[in-house]
There are 2 protein chains.
Amino acid sequence: MSENAPGDPKGRPGIKAVAALAGVGIASVSRVLSGQPGSSPQLTQRVLDAARALGYTPNALAQGLRRRATRSIGFVVSDITNPLIASIVGGAESVLSVAGFSVLLTNSGGVPSIDAERIEVLMQRQVDGLILLPALEDDAATLAALRNVKSPIVVIDRSFPDDIPAHYVLSDHYQGIGAAARHLLESGHRRLGLVVGRDVRPTRERIRAMQDAFDSLGLKRDLIVHRGTLSPEHGKAALEEMLAQKRPPSAIVLGGNQLLEGALSAVHRRGLKLGVDLSLVSCDDVPLCRFHQPAIATVMRDASLLGARAAQLLLAHIEAPGEPETVSLPTWFELRESCGAAPVTSANASG
Amino acid sequence: MSENAPGDPKGRPGIKAVAALAGVGIASVSRVLSGQPGSSPQLTQRVLDAARALGYTPNALAQGLRRRATRSIGFVVSDITNPLIASIVGGAESVLSVAGFSVLLTNSGGVPSIDAERIEVLMQRQVDGLILLPALEDDAATLAALRNVKSPIVVIDRSFPDDIPAHYVLSDHYQGIGAAARHLLESGHRRLGLVVGRDVRPTRERIRAMQDAFDSLGLKRDLIVHRGTLSPEHGKAALEEMLAQKRPPSAIVLGGNQLLEGALSAVHRRGLKLGVDLSLVSCDDVPLCRFHQPAIATVMRDASLLGARAAQLLLAHIEAPGEPETVSLPTWFELRESCGAAPVTSANASG
DNA sequence: TTGAAAGCGCTACCAT
DNA sequence: ATGGTAGCGCTTTCAA
């Protein structure tokens, strides 16, 4: 007489319905469908048939509650609209979904307080791990939220204080920017500009790489660093300001793909010819870099891989928690026509 | 003696712990924290204090199981890497998160079988609704999966058979493409090219708009349609092929932002001057459109709004299920230098 | 106003 | 090999 078993909210059959139809115990249904051994072929078949007949699908909420694991992860990004970040998310998602994990995506829009709040929400939802790509590294609320997280955390391209037990997947910006800077110096440029965003790891690495490039070639450090946000507006303002100086840099490196649009506005407005009047290097290859004329030299990296490795690292530590790990991924300089020899001006006069 | 109450997997306190600390019943804790009326100020205070002291956070899994609602939605996209789609997701996410909903994002990579599978997964996870932006409109497995969905579904820029009870948020491609086509015809072009992707609603609307443009100006329809995928490769192939014809079109419209890169390759390879030798219109404004020289005329739309409206529509129908609804959002033509008068050739000879 | 208890759908333990 | 049952953390009657 137990032929009723509504199941889910929306009227989907539950495990009881399957058990009833198959004429077996509910525990057996669970065992069979979870692929656990120790069921006779007959029983297995009956369960499978009943499940198929009913279109039964386990309720992941109940499973998660019971198993204390949801096979879901939280992904916190500052701006999904940034093509670089979208690619990172894409790379991670494909690894995770293949592993049977779902991704809870949240976009903080670069507002730190939102980061913190979203981390709380994700923990309430019992995600098994977290991947973070936040705007800042030192937001107190975010760090506090992170300290309460008991699950593995993987941070991409950012660096948190040591007391945050996170794993890292970092781009080796030093390498690519260093190569770019050395190329510029070897082309005769003596005064370089660098436009960067907030004070996060990539910014620090880029500055260091630029400075070291001067050192490594035995040149006097002559670097103008313009800090701001990684927005087109900042790109434009930074270039306007640098180029308006009495002794403007003859080559400029942009530390973020969103800066390029603004930078190009400024360049066009002034009627400068890239590769001739000014050499320009951008970061992170976007279509605009390749199809601009002249093409924009770029410090490249594989964004999708960044996400994929982050996902792998996270999965590994969800499986078997372990010591903090750091993965470093390469960046490299791709020379294009936007870089040319330094114009012979006072700033680049042989000294 | 019931001072133990482990709570969560990762040792987070549960509702029992709060009840114990506050010296009240577990039901009261639930009532207070859910903001339900009918608790004395004292009790309320004690519960709040205890919850704060313990850093208590409700387990969303248990809540969802009990309430039969998760305040989460599933978002299925074909390619998160496409900046247009990323913006749509961003627009939706911000509306949803403000409403307290989380987003389960899955990326099918354009493989229909994956769409179907992911929809199943999302339903297992008991999402309260679905937003879809699939590659195809007629994949049998996807449609079958959708028919089993009991929650509201919002489809963006696609059109499913009537038996799928979905709501729609559609871009009015007809309008923008029509304006572009009329502009081209009025500039003297008589033979137009159109590059489109698979047979989905935007593709059909674009073709129809182009054809109608000829009609509305009393001109003979002279349109070459090139179908393929919305990839850069297809963009290049399509242009190569069209331009190699004995009587090539003097103006070409690209029905997707990813086509542009390939199209530009072809144009550059042939040494054509856009706006002079060939007029070109693209769809969906990306930085490349604006910063290419000459700038590429574009049929624009507000991607973020598309996502936001989809989210609003979904939330409305989660709150109060209702009749199928369709929202239409505008597109418009932005003229830029890539469009010029038709060259005087046999193809455009006055007739 | 408050709390005990049932039960959401499932897994895992423990009998049988 | 199989199934009954406890219980995951919570909400929601229902009684007190």
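No experiment lies behind these values; they were computed from the predicted model shown. Chain letters run A, B, ... following the sequence lines, proteins first, then strands; residues in each count from 1.
Between the P atom of dG7(D) and the CD1 atom of I26(A) lies a distance of 15 Å, rounded to the nearest Å. In this structure, R46(A) atom CZ and dT2(D) atom P are separated by 10 Å, rounded to whole Å. The distance from atom CD1 of I15(A) to atom P of dT11(C) is 5 Å, rounded to the nearest whole Å. Atom CG of L33(A) is separated from atom P of dC10(C) by 9 Å (rounded to the nearest Å). For Q45(A) and dA1(D), the CD to C1' distance is 17 Å, given to the nearest whole Å. One atom, CZ of R67(B), and another, P of dT13(D), lie 13 Å apart when rounded to the nearest Å. Between the C1' atom of dA6(C) and the CZ atom of R66(B) lies a distance of 8 Å, rounded to the nearest Å. Distance N59(B) CG to dG7(D) P: 18 Å, rounded to the nearest Å.
Ranking dT12(D), dT2(D), dT2(C) by closeness to the R31(A) side chain, first place goes to dT2(D). Side chain of S39(B), nearest nucleotide from dT2(D), dT2(C), dC10(C): dT2(C). With distances taken from any side-chain atom of A27(A) to the nucleotides dC10(C), dC10(D), dA12(C), the minimum falls on dA12(C). Picking from dC8(D), dC10(C), dC10(D) the nucleotide with the shortest atom distance to the side chain of R68(A) gives dC8(D). For L65(A), taking side-chain heavy atoms from C-beta onward, the closest of the listed nucleotides dC10(D), dT2(D), dC8(D) is dC8(D).
Atom OG in S94(B) sits 12.5 Å away from atom CD1 in I80(A) (nearest 0.5 Å). Atom CD of residue E325(B) and atom NE2 of residue H317(B) lie 3.5 Å apart, to the nearest 0.5 angstrom. Interatomic distance, CG of L122(A) versus OG of S72(A), reported as 8.5 Å (0.5 Å rounding).
The phosphate of dC10(D) (OP1 or OP2) has no side-chain N or O of K16(B) nearer than 4.0 angstrom. Taking only side-chain nitrogens and oxygens, S40(A) comes nearer than 4.0 Å to OP1 or OP2 of dT2(D). Using a 4.0 Å cut-off, some side-chain N or O of Q63(B) falls inside it from OP1 or OP2 of dT11(D).
Positionally, the nearest nucleotide of DNA chain D for T44(A) lies more toward the 5' end than for the other of P58(B) and T44(A). Along DNA chain C, the nucleotide closest to Q42(B) and the one closest to A62(B) are compared, and the more 5′ of them pairs with Q42(B).
Residue L61(A) is out of contact with every strand shown, counting any heavy-atom pair closer than 4.0 Å. The residue Q36(B) sits close only to the backbone: its heavy atoms come under 4.0 Å of sugar-phosphate atoms, none of a base. Among the heavy atoms of the strands lying under 4.0 Å from S30(A) is at least one base atom, whether or not backbone atoms are also near.
Q312(A) and V95(A) make their closest contact through CG-CG1, 4.0 Å (heavy atoms, listed as atom of the first residue, atom of the second, distance).
Donor-acceptor pairing under 3.5 Å is recorded for the side chains of R118(A) and S97(B). Donor-acceptor pairing under 3.5 Å is recorded for the side chains of R125(A) and S102(B).
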